[in-house]
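The first residue in the sequence is number 1, and the count goes up from there.
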Amino acid sequence: MHIAFFMLYGPQSIGLTEEAIHPELPIVYGSTGIWTLLVPIKNLSYLEKMTPQTTDFPDVLEEMPKASVHSFCLEVFDKYADMHARHFSSPYSGTIEDITTGTASGVMGAYFATYMDRQAQLPKTLIIEQGQELGKDGRVHVHVKNDEGKLAISISGTAVYVKELNVQI
């Protein structure tokens with residue numbers, strides 16, 4: 001990703017300015033089968049202010065126009081959580097924001113071990129909180145381990161029935 005391009009046009013697509021982006025952590029794409037752009041944000045107050053313009057994503061995310069944007073920070077609501085996140089879906093998905101996102105949280109596990117704490121004692125379980133801005137209280141447990149020199153990521157958590165949907169493929 002051309003970070004300069006995102007820094008110029010991307011923050012506006014999530015309702016922020018460049019000052020909200022964490023200056024020491026990289027913006028990167030990651031995938032657990034579905035591509036997402038991880039965007040580190042300085043703190044919760046910026047995350048709470050975010051207003052996604054998902055229709056702008058394909059133009060801003062020119063290398064992967066169908067990717068989603070997963071913003072996160074290290075400040076949390078719950079003292080037991082490690083990170084707080086918001087997930088803004090690709091405009092091709094039919095949703096705008098997910099309450100809790102397992103696929104992107106899995107990517108955050110690899111991001112943590114690669115960019116945030118390369119010396120972390122593995123295995124390690126991270127707790128990613130999400131959904132508070134939507135009046136929900138989601139948690140994803142991200143399990144990070146070293147499997148013969150490669151990162152092995154898995155997730156766990158609980159789910160609740162929200163509503164039934166018919167999906168046409």
Side-chain angles (χ1 to χ4, degrees), residues 1-7 10-11 13-14 16 20-44 46-47 50 52 54 57-58 60-93 95 97-133 136-159:
M1 155 128 232
H2 300 295
I3 300 305
F5 185 82
F6 181 83
M7 294 302 284
S13 70
I14 53 178
L16 297 175
I21 307 298
H22 195 294
E24 298 166 12
L25 294 173
I27 298 169
V28 298
Y29 281 105
S31 175
T32 56
I34 298 172
W35 285 98
T36 191
L37 181 68
L38 292 180
V39 180
I41 304 297
K42 287 180 181 175
N43 58 45
L44 275 175
Y46 285 118
L47 275 171
M50 296 174 84
T54 57
F57 287 5
V60 173
L61 307 177
E62 55 186 10
E63 289 94 354
M64 294 192 187
K66 292 187 176 183
S68 58
V69 174
H70 196 73
S71 301
F72 69 94
C73 72
L74 300 175
E75 187 178 0
V76 294
F77 290 106
D78 179 353
K79 67 181 180 181
Y80 297 108
D82 296 289
M83 290 182 251
H84 179 79
R86 291 187 74 182
H87 186 85
F88 304 120
S89 305
S90 162
Y92 303 102
S93 72
T95 63
E97 183 171 359
D98 286 349
I99 292 169
T100 306
T101 314
T103 56
S105 294
V107 173
M108 289 179 66
Y111 184 98
F112 172 84
T114 303
Y115 300 108
M116 297 173 70
D117 191 353
R118 290 185 180 148
Q119 306 305 316
Q121 286 289 96
L122 301 180
K124 182 171 184 66
T125 297
L126 302 168
I127 299 173
I128 312 297
E129 66 179 18
Q130 188 178 334
Q132 288 73 18
E133 293 82 3
K136 303 295 181 185
D137 192 27
R139 298 282 185 285
V140 177
H141 295 251
V142 181
H143 313 285
V144 183
K145 67 180 187 173
N146 184 326
D147 187 7
E148 298 181 18
K150 294 182 180 181
L151 290 176
I153 311 294
S154 62
I155 63 168
S156 62
T158 58

Exercise. Any idea which heavy atoms bring Ile41 and Tyr46 closest together, and the distance?
Worked result: CG2-CB, 3.4 Å
Exercise. When the ring planes of His84 and Phe77 are compared, do they come out parallel, tilted or perpendicular, using 30° and 60° as the limits?
Worked result: perpendicular
Problem set entry | Trace of the side chain to side chain contact (heavy atoms under 4.5 Å, CB included) decision for Thr101 with Gln130 | CA-CA 8 Å; Thr101 314; Gln130 188 178 334; 2.9 Å; yes
Seminar exercise, completed: For Tyr80 and Ile127 the tightest heavy-atom approach is O-CD1, 3.5 Å
For this session: State whether a side-chain donor-acceptor pair under 3.5 Å links Thr103 with Thr32.
Result: no
For this session: With the side chain counted from C-beta on, respond yes when Gln132 and Asp137 share a heavy-atom pair under 4.5 Å apart, and no when they do not.
Result: yes
For this session: Report the distance from atom CG of Leu61 to atom OG of Ser90, rounding to the nearest 0.5 Å.
Result: 8.5 Å
For this session: Report the C-alpha distance between His141 and Leu126 in whole Å, list the side-chain angles of each, state the deciding distance to 0.1 Å, and finish with yes or no for side chain to side chain contact (heavy atoms under 4.5 Å, CB included).
Result: CA-CA 6 Å; His141 295 251; Leu126 302 168; over 6 Å; no
Problem set entry | Leu74 atom CG, over 12 foreign heavy atoms within 6.0 Å | yes
For this session: Say whether, by atom type as modelled, one donor and one acceptor occur between the side chain of Asp117 and the main chain of Gln119 under 3.5 angstrom.
Result: yes
Problem set entry | Heavy-atom neighbours of Lys42 NZ exceed 12 at 6.0 Å | yes
Exercise. What pairs with Asp78 under side-chain hydrogen bond (donor to acceptor under 3.5 Å, both in side chains), at least two apart in sequence or on another chain?
Worked result: Arg139
For this session: Given side chain to side chain contact (heavy atoms under 4.5 Å, CB included), test Leu25 with Leu38 step by step and report yes or no.
Result: CA-CA 10 Å; Leu25 294 173; Leu38 292 180; over 6 Å; no
For this session: Mind running side chain to side chain contact (heavy atoms under 4.5 Å, CB included) on Thr125 and Val142 for me, showing each step along the way?
Result: CA-CA 5 Å; Thr125 297; Val142 181; over 6 Å; no
Problem set entry | Residue pair Asp82 / Val76: nearest heavy atoms and the distance that separates them | C-CG1, 3.9 Å
Exercise. Would you find a donor on one side and an acceptor on the other, under 3.5 Å apart, between the side chain of Glu75 and the backbone of Leu44?
Worked result: yes
For this session: Assess the pair Tyr111 and Phe72: is the distance between their ring centroids shorter than 6.0 Å?
Result: yes
